[in-house]
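This report refers to the structure that appears directly beneath it.
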Amino acid sequence: MGSKKRSPNSVAEVEDLDNTDTNIENANLEDTNNENASSISSRKKMKKDKNKETEAPDEDASKAGLSNIPSSMKPMERRKKRKALDKKRLHAASESKEVKTKKMDVDSKVTESKEHMGASSSGTLPKFHIGVFKDLASVDVSVREGAVERLVTELQEVQKAYEVTENKEVVEGGLKLEAEKDDGLNDCAPSVRYAVRRLVRGASSSRECARQGFALGLTVLVDTVPSVKVDSVLKLIVDLLEVSSSMKGQDIRDCLLGRLFAYGALALSRRLTEEWISDHNTLIIKEFTDVLISLAAKKRYLQEPAVAIILELVEKLPTEAVLNHILEAPRLREWFEGGIDAGNPDALLLALRIREKISIDSEMFGNFLPHPFSPSRLFVPGHLSSIINCLKESTFCQPRVHGVWPVLVNILLPDTVMQAEDVVSASNSLKKHKKSRKSSSSEEEIARSVRCFCEVIIEGSLLLSSHDRKHLAFDILLLLLPRLPASFIPYVLSHKIVQCMVDVLSTKDSWLYKVAQHFLKELSDWVGNDDVRRVAVIVALQRHSNARFDGITKTKTVKALVTEFKTESGCMLFIQNLMNMFVDEGNASEEPSDQSQTTDDNSEMGSVEDKDSNGATANSDFLKTWVVESLPIILKHLKLEPEARFGVQKEILKFLAVQGLFSASLGSEVTSFELQEKFKWPKAPTSSAICRMCIEQIQSLLANAQKIEGLRSLSSGLEHSDLGSYFMRFLSTLRNIPSVSLFRSLSDDDEKAFEKLQEMETRLSREEKNCVIGAEANKLHAMRFLLIQLLLQVLLRPGEFSEAASELVICCKKAFAASDLLDSGEEELDNDADPKLMDVLVDTFLSLLPQSSAPLRSAIEQVFKYFCNDVTNDGLLRMLRVIKKDLKPPRHREEGRDDGDDDDEDFLGIEEVEEGEGEEEMDEAETGETGEDEEQTDDSEAVTEVEEAGKELSDDSDGGMDDDAMFRMDAYLAQIFKDRKNQAGGETAQSQLVLFKLRVLSLLEVYLHENPAEPEVLMVYLNLARAFVNPQTAEISEQLGQRIWGILQKKILKAKDFPRGDAVQLPTLESLLEKNLKLASKPLKKKKSAGNLSKKKQLAMWKRHKMIVSLAQDSTFWILKIIGARNFPECELQGVIDIFKGELARYFESKTSQIKSDFLTEIFRRRPWIGHHLFGFLLEKCSRAKLEFRRVEALDLVIEILKSMVSSGNDESNRNASKKVLKNHLQKLSHLIKELATNMPEKPSRRAEARKFCGKVFRYVSTYDLTKSFLKYLAPEAEAACESQLGELYLNFKKIER
C-alpha cells in the first residue's frame, strides 16, 4: 500500500479505487456493450503510454538518487541518504499523481457518457453505473447502504438480461482479457463478474470504510444473484488476495484483513446454508471452515474475528450440518486438540458456543470441555485449572473484554435461577434464630461453581499475575454483577479481591487506580436501593479490610452505603449482620495481603514471628470497634415512623447491652425464657475497651432518644415508646439469669450505688405512669434518664461516681416526696437543719460535670431545666464561682487587699497587664489560642498559684457554705491544682478547668433561658462580665471568651425580657452603670513591647478591646432599660444623673476618656429624660471645653437633646411648654454660640460642623420667637464675631428679629 508496489498477482488498493482503474473498467464495459475492438485497443495504448510516462521519472529519479550516493560512504550514512531521497521521490510522485487524477476525472466523465450512449443504442444489456463503487467506502452508513442497494439492483437487471440473451458470445467477445482468467463465474454477465472481483479486491482496502462497504456489497450480491457460485468466490478470494513473498508489513495486513472480510461476507449470506440444503454431502462448508482456521493461524489478531465468522455460520446452519461438516473439518479438529497447550481462548470460545448450539456431548472438543458436559463439571477446580492458560491469554484484546468471558458468565449464572435466589435470600435473611433453608441442588451447584470460579480463575490466577490481568479480573467482576445474587457477594468480594482494591486505591498514582475506582462506582450503582445487596457489600468490604476500607482507600464508600438505609427491614438486616460479624470471629478473615498483588508501601514489613496472636486480636478489635460505632449511625440518617424507629432502637440497644454490660460464665450462648431469645457472645472474651465503647454508645442512644422524644405522650403508652424504661427492664431481666454476670465486678460502694439507682429508677417510672402530663411528669422523666445515665457511668468509671449517685438518690426522694419513695426506716428528709434540695442538687451536678460523658451532661441539663426555677442564690454563686476561678493569680494585687475593694477601684474586676512577663503572656493570650493549646507554665509558678487560689476560696461570694459543701465544691478544683503542679505534658490542668467552665456555662445558659426576668440575672451578668473582661480569660481560651460573650449577648443583654420587680435595687443598678460607663471610656493601653508584636497579635488586641467596649455600651443600654422599667421617682434618679455628669466632665477635661459621642447620643435618644437633666450642664461644659475637638463632637449631643426637648406638636400648650424650656437655657445657648464664633475651629470639617450647629440653633430660636431675647445675651464683640464668622447665616437670623 501507499508507495509500496505489489506483485503482478495481487491487486492493490490504489489499483482498485483510483480513477485510473475506472477508465479501464469503463473500457471493459464498452466492450461488453459491443463497441468495436479498435477503440478498446486505442484506449489501452493510451493507458500504457500514460503509465510509462508516470513511471519513467520515478525510475530516473531513483537511479539518479542512487548514483549520487558515493560508494565510499558508510552503510549507515548511505541508508540515511537513501531514505531522504526516497521521501523526496515519493513526495514528487504524490503531487504528480494528484494532477493526473484531476485530468483523468474529466476523461472518466466523458468516457462514462459515451458508455451510456453506446449501451442505449445497442439495446442488448442494461447499463451499469460503475461510479457506485466510490460510495461504498463512505464513512456515512446510510451512503454505503444506498450504494449497495443501487449496485445490486443494477447488477440483477444486467444478469437477468444476460441470461435471456441468446447470442452470449457476442456480448463476451469484448471481454477476452477477463475471460482468460479462470474465475469460475462463467454463468455471470461480464458486469457481474467484474463487480465480484472488484468487491473482493475492495475488501482489502484500508481507505475510510471501504472494507465494511465492499464486504456488505459482496454479501448482498452473493445472496441475491444465484449465478455467483460460492466455490468460485472462495477461489477468487484466495487468488486475488494472495500474500506473496514480496509483500511486507501493511500490504500483508491488508490482504489478510481483506480475506477475513470477504469470508465474513460469505458467512453472512444464506448461500452456504442453501448449499447444504441442496446437497447434504457438499464439501463447501468444510472447505470454508478450514480456510478460516488457516487464516486464523496466520496472525493472532485474526483468531477472534475468524471464530466470530464461524459462529455466525453456526447460528445459520442446522445442528446436523454443524455436527457433520463444521466439527468434521480437519483443521478445526487439530485446532481443538492443540488449543489447551497453545493457550487459545478463541478455540475455547468456539467450543463453548458450538456446544451450546448442538447440546450434544462430543469428543471433538478435546480437553476444552468436560465429557460428559455439565455446567457444574465445567467449573470444578480441576477443569478450570486445565483451561486457565487459555483464559489468561485473553488479555491480548484489552481494553476490550474477550468474548469467552460473557459466555462463561452466562453458563455460570443463569438469569432465572438468580432472580429466584435473590428473592428467597432477601426474605430468609430477615428471619432470626432460624435454621437456614435447604437450598435446592441446582442452587447449591451454582454457588459452588461461583466459588470455584472466583477462587481458581480470579484469585488464584489473574490477581497473582500482571497489571493487565488484574484489570481483566475487575472487568470480569463487572460482568458478574448484573446477574449476581446478594448471597454470592462473599465469593465475589473475597479477602484477596478486597485486599487488591485496598492496595490499589491506597496509592493514587497506581496504574490500576482508575480501574478500581470505576469498579467501586459500578458496585455502588449495582447496590442501588436494594438493602440486601447493600448489607452484603458493606459486610464484605469491612470484614476483609479489618473495618478500615474507607480509611486506607481515602474514600467514603462504606460511609455512604451505611447512611442510605431507608427501611426498617433493611436496618434490621444490617443490624443482624453486624451482630454476626461481632460474635462470629471465626468468619473474619485473617489472611495476610498477598505480596504479589500489593503495591502499598505501608504494607506490613515485620517477620512472621511478629505477627502473633496480638495482631489477630488487634484486627478483631478494629472490626468490633467499627461494628459498635456503626450501629448508632444507622439511626442518624434514618427517617421512619416513631414505632418503626423504636423497633430499630430496641434491637441496637439489646445488642450493645448484651455485649457491653454482660458476659456468660457458662459457654458463649444463653437462652432467656422470659424474653424468648438466645444471646451469643464471642468465644474470646471481649476487651474492656470494646465494653466501654458499648456503654458509651448506649448512653448516646438514650440521650438521642430523649431529645427526639421531647415531651412524652401518654396516649402512646410508656412501655411502647420509652427507650429508657425498656433498657432498665432488659437490664434487670439479664441480671436475673444465673449464668450471666456483669462484665466487671463492682466494689461494695459501686454495687450499692448501682442497686440504689436501679431501684429509684423503677420507683420513678412507676410514679411517672400515674402522673398527669405536666411539669411534674417532665421532672420525673428527666430525672429517670439522669439516673440511667449515672448508672451506666458507674459501670464505665468504677469508684468515681458512687458518692454522687447516693446524693442524687437522696435528692430524688426529697424532690418527689411520695409515700412509695420513702423507706419506713429512713429519717425525714425535710428537716430544717438539712441543706436545701437545690443546693445539694447543684453540688451534685457540679461534682458530676468535670468527668462526665456528653450524654450524662445532656441529662444533667435536662434535669436542671425543670428544676432551675428553684435554684437559690447560693446555688448560683457556686456555679459562678467556678467561672471566675483562675489558676494564675492576679499579678498586681497588694497583700491584705480585699476582693471587694479591688473590684471598686478596678471597675468590673479588670486588671491591667503592663510590663515584663505579664506583657508577654498577654500577647500570647491575644492570639486567640484555646486553653487546649496553651503551653505549660513553669512549675515554679504553680506553688504561688495554689496559694493565691487559696485566698480566692475565702471570697465573700462563698459566704454561708458549710465545710462539707466547700469540700465537695473544691474537690475537683484541688485536683486540678495538684495536676497543674505535677503534670509535665498531655492535657494540662488549664484545659481541664476550661472544659469545666464551659460545662457550667451550659447550666447557666439554661437558667437564663428559663428565668430571664428574675433579679438573680443581675448577679449572673456581673460575674460573667467580670470573667469576660478579665485578661486571663482570653489568655486561657478564646473559646471560653466567645462562649461567655454569646451568653451575655443572647441570653441577657438582647433577650426579650429583663430583670423586674422590687428586688432589683437602684443602688446596684447605679453601681453597674458607673462601672460600665468607665469601661466604655477606657482607652486601649499601648504597652512598651507593642511595637515588637506581629500584626496578627496587634489585630487580636484591638479586636478584644472593641468587644469589651461593645459589651460596656450594650450593658449600659440594658441597665438603663431596667431603670426605666421600674419607674423610679425623679428624686431617686439623681444618682444616675450625677454618674452621667461625672462621665461628661471627664469627657471634656481629659484626653484619656475614649467614650464615643455616638454612644452618648444614642443614650440621649433612647432615654430623653437623661438628656433633659443634663442639658444645662452639657452647655456649660461645652462652652468651657479646653479641647476643641471635644467641643465640636459635643455639638451633636446638644442638638439631640434640644430636639427631644422642643416638642413638634402644633397645639398652643405644647408650643408654650417648648418655648419655656428653650427660654430657660437661652443664655447658655447664646454663650456657646459666642464661644464658637470667637474661637472658630481652623480645620474646615470642624468649622463646617460649628456653622451647621449655629444654623440649627438659630432655626429653633426663631421658630419660637425668641430671637430678640437671644440677641440681648450676645455682647457687641460676640455679635461682631458672629457676623464675621457666620456671615449671611447670622445676618438672616437678625433680619427675623426686625
Side-chain angles (χ1 to χ4, degrees), residues 300-301 303-305 307-308 343-346 348-349 352 379 384-385 387-413 450-484 488-489 491-527 537 540-541 544-545 549 552-555 557 591 593-601 603:
R300 180 63 178 270
Y301 60 82
Q303 285 187 9
E304 192 176 9
V307 168
N344 190 342
D346 301 296
L348 175 60
L349 172 62
L352 290 170
F379 294 105
L384 289 175
S385 299
I387 62 174
I388 191 64
N389 288 333
C390 299
L391 298 176
K392 288 167 67 174
E393 292 301 320
S394 66
T395 54
F396 73 87
C397 60
Q398 274 193 347
R400 186 174 51 83
V401 179
H402 195 277
V404 71
W405 295 107
V407 175
L408 287 173
V409 170
N410 290 338
I411 299 173
L412 183 63
L413 295 172
V450 171
R451 186 180 70 252
C452 293
F453 178 82
C454 293
E455 290 177 354
V456 177
I457 302 299
I458 297 179
E459 299 176 21
S461 177
L462 299 180
L463 290 183
L464 301 179
S465 189
S466 64
H467 283 75
D468 285 334
R469 287 173 181 164
K470 286 188 179 74
H471 188 178
L472 177 61
F474 285 113
D475 290 337
I476 297 167
L477 294 177
L478 290 177
L479 289 177
L480 289 172
L481 279 182
R483 296 168 170 265
L484 196 69
F488 289 2
I489 282 292
Y491 308 139
V492 174
L493 294 181
S494 62
H495 177 82
K496 290 186 178 179
I497 294 173
V498 173
Q499 283 297 312
C500 181
M501 282 196 292
V502 168
D503 293 339
V504 170
L505 291 171
S506 63
T507 308
K508 279 196 173 183
D509 56 357
S510 171
W511 187 82
L512 291 171
Y513 181 80
K514 290 187 177 180
V515 176
Q517 201 174 38
H518 174 69
F519 175 75
L520 269 186
K521 180 182 178 300
E522 293 297 322
L523 184 65
S524 299
D525 293 342
W526 174 76
V527 168
V537 171
L541 293 178
H544 300 306
S545 64
F549 186 86
I552 298 176
T553 60
K554 298 182 178 74
T555 63
T557 305
E591 299 178 33
S593 178
D594 202 319
Q595 295 300 322
S596 61
Q597 60 179 327
T598 182
T599 56
D600 186 11
D601 294 333
S603 300

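- Here the straight-line distance linking atom NE2 of His471 with atom OG1 of Thr395 works out to 11.0 Å at 0.5 Å rounding.
- When side chains are defined from C-beta on, Phe453 counts as touching Ile476, because their heavy atoms get closer than 4.5 Å.
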Item to check | Criterion side chain to side chain contact (heavy atoms under 4.5 Å, CB included) on Gln398 and Leu472, from CA distance to verdict | outcome: CA-CA 8 Å; Gln398 274 193 347; Leu472 177 61; 3.7 Å; yes
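- By the 4.5 Å heavy-atom criterion applied to side chains, Phe549 and Thr555 are counted as neighbours.
- Note that CH2 of Trp511 and CG of Asp468 are 4.5 Å apart. Values are rounded to the nearest 0.5 Å.
- Taking all atoms of both residues into account, the shortest heavy-atom contact from Asn344 to Cys390 is N-SG, 3.5 Å.
- Here the OG1 atom belonging to Thr553 is positioned 9.0 Å from the CE atom belonging to Met501, to the nearest 0.5 angstrom.
- Note that the OH atom of Tyr491 and the CG atom of Leu484 stand 10.5 Å from one another [nearest 0.5 Å].
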Next on the checklist: Before you tell me yes or no, could you show the steps for Leu523 and Leu493 under side chain to side chain contact (heavy atoms under 4.5 Å, CB included), namely the whole-Å CA-CA distance, both residues' side-chain angles and the distance that decides it to 0.1 Å?
Outcome noted: CA-CA 11 Å; Leu523 184 65; Leu493 294 181; 4.0 Å; yes
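- Counting heavy atoms from C-beta on, the side chains of Gln517 and Lys521 never come closer than 4.5 Å.
- Distance check: Cys500 SG to Leu505 CG gives 9.0 Å after rounding to the nearest 0.5 Å.
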Next on the checklist: Determine whether Trp405 and Ile457 satisfy the following criterion, side chain to side chain contact (heavy atoms under 4.5 Å, CB included), listing intermediate values before the conclusion.
Outcome noted: CA-CA 11 Å; Trp405 295 107; Ile457 302 299; 3.7 Å; yes
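- Counting heavy atoms from C-beta outward, Thr507 and Tyr513 have side chains that stay 4.5 Å or more apart.
- Among all heavy-atom pairs drawn from Val407 and Gly403, the shortest one is CG2-O, 3.5 Å.
- By the ring pair (Phe, Tyr, Trp, His ring centres under 6.0 Å) test, Phe396 pairs with His402, sequence neighbours left out.
- The list of salt bridge (Lys or Arg N to Asp or Glu O under 4.0 Å) pairs with a residue in residues 473-482, not counting sequence neighbours, is empty.
- In this structure, Leu478 and His518 have side chains that are in contact, with non-hydrogen atoms separated by less than 4.5 Å.
- Of all heavy-atom pairs between Val498 and Leu541, the closest is CG1-O, 3.9 Å.
- Side-chain contact between Leu391 and Leu408: present, with at least one pair of heavy atoms (C-beta onward) separated by less than 4.5 Å.
- Put simply, the side chain of Leu480 does not reach to within 4.5 Å of the side chain of Trp526, judged on heavy atoms.
- With hydrogens and angles disregarded, no donor-acceptor distance shorter than 3.5 Å links the side chain of Glu393 to the backbone of Pro345.
- Between Ser385 and Ile388, the shortest heavy-atom contact is O-CG2, 3.1 Å.
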Checklist entry - Can Val515 and Val504 be said to form a side chain to side chain contact (heavy atoms under 4.5 Å, CB included), step by step? => result CA-CA 9 Å; Val515 176; Val504 170; over 6 Å; no
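- Under the 4.5 Å side-chain criterion, counting only non-hydrogen atoms from C-beta, Leu413 is in contact with Phe488.
- Across Glu459 and Ile497, no two heavy atoms sit closer than the pair CG-CG1, 4.3 Å.
- With rounding to the nearest 0.5 angstrom, the SG atom of Cys397 is 8.5 Å from the CG atom of Asp346.
- No side-chain donor-acceptor contact under 3.5 Å links Ser465 to the backbone of Ser461.
- In terms of heavy-atom proximity, Gln499 sits nearest to His544 at NE2-O, 2.8 Å.
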